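Side chains included, hydrogens not; waters and symmetry mates left out as well; all remaining heavy atoms used. The first residue of the sequence shown is numbered 1, and numbering continues consecutively from there. Keep in mind the model is a prediction, meaning the values are calculated, not measured.
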Amino acid sequence: MDFELSEEQKQLRDEVRRFADNEIRPVATEYDVEEKFPHDLHQKGAEMGLTGLTIPIEHGGAGYGALEAAIVTEELFAVDPGIALSIVAASFGSDALRAFGTENQKERFLEPVAMGDAIMGAAISEPDVGSDVSSVSTQAEKDRDEWVINGNKMWITNGSVGDYFVVLCQTDPDADDRYSGFSQIVIESDRDGFSSEKITGKLGIRASDTAELIFDDVRVPEENLVGTEGAGFLQLMQFFDETRTAVAAQGVGIAKGASERALEYAQEREQFDRPISDFQAIQHRLADMHTKTEAARQLTYKSAWSVDNKSEQLTALASMAKEYSSRIAVDVADQAVQIHGGSGYVNDFDVERLYRDAKITQIYEGTTEIQKNIIARELLGKGF
């Protein structure tokens, strides 16, 4: 077993961290406070290939695997999760098109995202439907050579800035089982009947755009159907392992950023005429934070390796990595605030923002409770 990153992976890691430190760090607080999407940084990220990390080279992307994507995500999130998400999630939903889309769909939808000319998203959750994906009620009905979509989606990343979305719709309400009546359809945001409303006042990741989407007799051509009609649910389940691994990397990045800042502050802050890092209580906190972060990293990297190598353990590993890394992100960020004391409770220091940003990793792409259900299901050999 080789735990060493390749020279290319190390170079990628270092380049991304320099970009984050030089371009993102100076403006992170501004974008957080103003809750605005960082269009300029999204464009700079695109120029580095960060908006199309896993999009194939032939469609304008970087062509990286899940492990390289995890490395990039970790470094960006260590500096600022909100802006980081705005960059790496510009291609959210592209996994479905990569696997099931036609060549025409890939040219139309993947290439502009990879080049930074468009932003996409995946629209799954609804106001009354979160974890129970099989209960979505947004409907798509066939009318000759078009799909007519009605319904609404909630908590959609890139919702008010996106150019198109891969939307999970109910296409056969009379299907024999609860999983085969859904399809994924690409819906462009400039279609008549489409509207979005930005959600503000979020606890964290405020630079990342989140919105409610409304579909009122939105018409799209039948060629916007992704893959086979009725296969949408199974298509979605196939890629939760990949997206949950990505969220695990986000958690590792937040924990890393919080640990770094706590270590730096502990060596600078003095009490009783000496740095607080001289006190054993602080040393033990720092040791615990860095140990947990490293453990989360190794589990996440193994999950990413499993994505790239199609391991039979992938589903369990992805949920383990997502559940553990998100928990560690919250815990380590909490410890970092504690080490900063009163200073950590205001936004003069980054740990306050990291603490708020960490919580979402326990919620989106499947809550902590859902991850534990999946892990148990895999251990017991049960299906859906």
Side-chain angles (χ1 to χ4, degrees), residues 50-55 61 64-74 76-77 81 84-101 110 113 119-125 129-134 136 153 155-159 162 165-168 182 184 205 208 210 226-227 232-254 296 299-308 310-311 313-326 329 360-371 373-375 378:
L50 304 182
T51 60
L53 287 170
T54 57
I55 292 176
Y64 287 126
L67 180 54
E68 287 80 15
I71 293 168
V72 169
T73 298
E74 178 183 338
L76 291 175
F77 270 72
L85 187 61
S86 299
I87 295 172
V88 298
S91 60
F92 192 37
S94 65
D95 44 18
L97 293 172
R98 291 197 326 262
F100 306 109
L110 295 186
V113 169
I119 296 171
M120 68 181 299
I124 303 167
S125 298
V129 177
S131 299
D132 185 9
V133 176
S134 64
V136 301
K153 298 290 184 178
W155 313 117
I156 306 306
T157 299
N158 301 328
F165 302 87
V166 177
V167 183
L168 183 68
F182 302 93
Q184 295 194 93
I205 57 167
S208 173
T210 308
V226 180
F233 181 88
L234 295 178
Q235 292 172 354
L236 189 64
M237 292 301 106
Q238 179 173 331
F239 286 99
F240 267 138
D241 293 337
E242 183 173 337
T243 56
R244 285 169 179 160
T245 300
V247 175
Q250 296 175 15
V252 174
I254 293 172
L299 182 55
T300 297
Y301 283 12
K302 184 174 182 181
S303 180
W305 179 92
S306 297
V307 171
D308 292 333
K310 299 178 174 56
S311 167
Q313 294 180 297
L314 173 56
T315 296
L317 280 171
S319 287
M320 289 178 185
K322 200 271 189 188
E323 190 282 325
Y324 184 73
S325 296
S326 63
I360 191 60
T361 63
Q362 293 187 303
I363 298 174
Y364 60 17
E365 290 305 296
T367 62
T368 294
E369 293 77 12
I370 290 296
Q371 303 316 309
N373 287 347
I374 293 171
I375 296 166
E378 291 296 305

- What residues, two or more places apart in sequence or in another chain, satisfy side chain to side chain contact (heavy atoms under 4.5 Å, CB included) together with T300? A248, A249, V252, A321, S325
- Task: With side-chain contact (heavy atoms from CB on, under 4.5 Å) as the test, would you mind laying out the steps for I374 and K322 before giving the verdict?
- Result: CA-CA 11 Å; I374 293 171; K322 200 271 189 188; over 6 Å; no
- Query: Got I205 and Q250 here, is their nearest side-chain heavy-atom distance under 4.5 Å?
  - Reply: no
- Counterpart residues, side chain to side chain donor-acceptor pair (under 3.5 Å), relative to E74 (two or more places apart): R297, Y301
- Query: Can you tell me how far CE of M320 sits from CD1 of I375, rounded to the nearest 0.5 angstrom?
  - Reply: 5.5 Å
- Message: For the CG atom of N373 and the CD atom of E378, what is their distance to the nearest 0.5 Å?
- Response: 12.0 Å
- Item | Any F77 side-chain heavy atom under 4.5 Å of V88 side chain | yes
- Listed partners of S91 passing side chain to side chain donor-acceptor pair (under 3.5 Å), at least two apart: none
- With sequence neighbours excluded, what pairs up with T210 under the side chain to side chain contact (heavy atoms under 4.5 Å, CB included) test? W155, I199, K202
- Query: For T245, which residues count as a side chain to side chain donor-acceptor pair (under 3.5 Å) partner, sequence neighbours excluded?
  - Reply: S303
- Item | T51 (side chain) donor-acceptor with V113 (main chain) under 3.5 angstrom | yes
- Query: Is the shortest heavy-atom distance from the side chain of I124 to the side chain of V133 under 4.5 Å?
  - Reply: yes
- Atom OG1 in T157, atom CD in E365: separation rounded to 0.5 Å? 8.0 Å
- Message: Restricting to side chain to side chain contact (heavy atoms under 4.5 Å, CB included), what partner residues turn up for A66, sequence neighbours left out?
- Response: A304, V307, D308
- Item | Ring geometry between F100 and F239 (parallel below 30°, tilted from 30 to 60°, perpendicular above 60°) | perpendicular
- Message: Check whether K153 reaches the backbone of G159 with its side chain - one donor and one acceptor, N or O, closer than 3.5 Å.
- Response: no
- Query: Considering only heavy atoms from C-beta outward, does the side chain of V166 approach that of M120 to under 4.5 Å?
  - Reply: yes
- Note on the structure: Across all chains, not counting sequence neighbours, the side chain to side chain donor-acceptor pair (under 3.5 Å) partners of S311 are none
- Where do S319 and Q371 come nearest, in terms of heavy atoms and distance? OG-OE1, 2.8 Å
- Task: Supply the atom-to-atom distance L85 CG to I360 CD1, rounded to the nearest 0.5 angstrom.
- Result: 9.0 Å
- Message: Enumerate the side chain to side chain donor-acceptor pair (under 3.5 Å) contacts for residues 233-242, please, sequence neighbours excluded, ordered by first and then second residue.
- Response: R98-E242, Q184-Q235, D241-T315
- From Y364 atom OH to T243 atom OG1, the distance as rounded to the nearest 0.5 Å: 10.5 Å
- Message: For D132, give me all partners under side chain to side chain contact (heavy atoms under 4.5 Å, CB included), at least two apart in sequence or on another chain.
- Response: S134, S135, R178
- Using the side-chain contact (heavy atoms from CB on, under 4.5 Å) rule, take L317 and K302 through it: C-alpha gap first, then chi angles, then the decisive distance, then the call. CA-CA 8 Å; L317 280 171; K302 184 174 182 181; 4.1 Å; yes
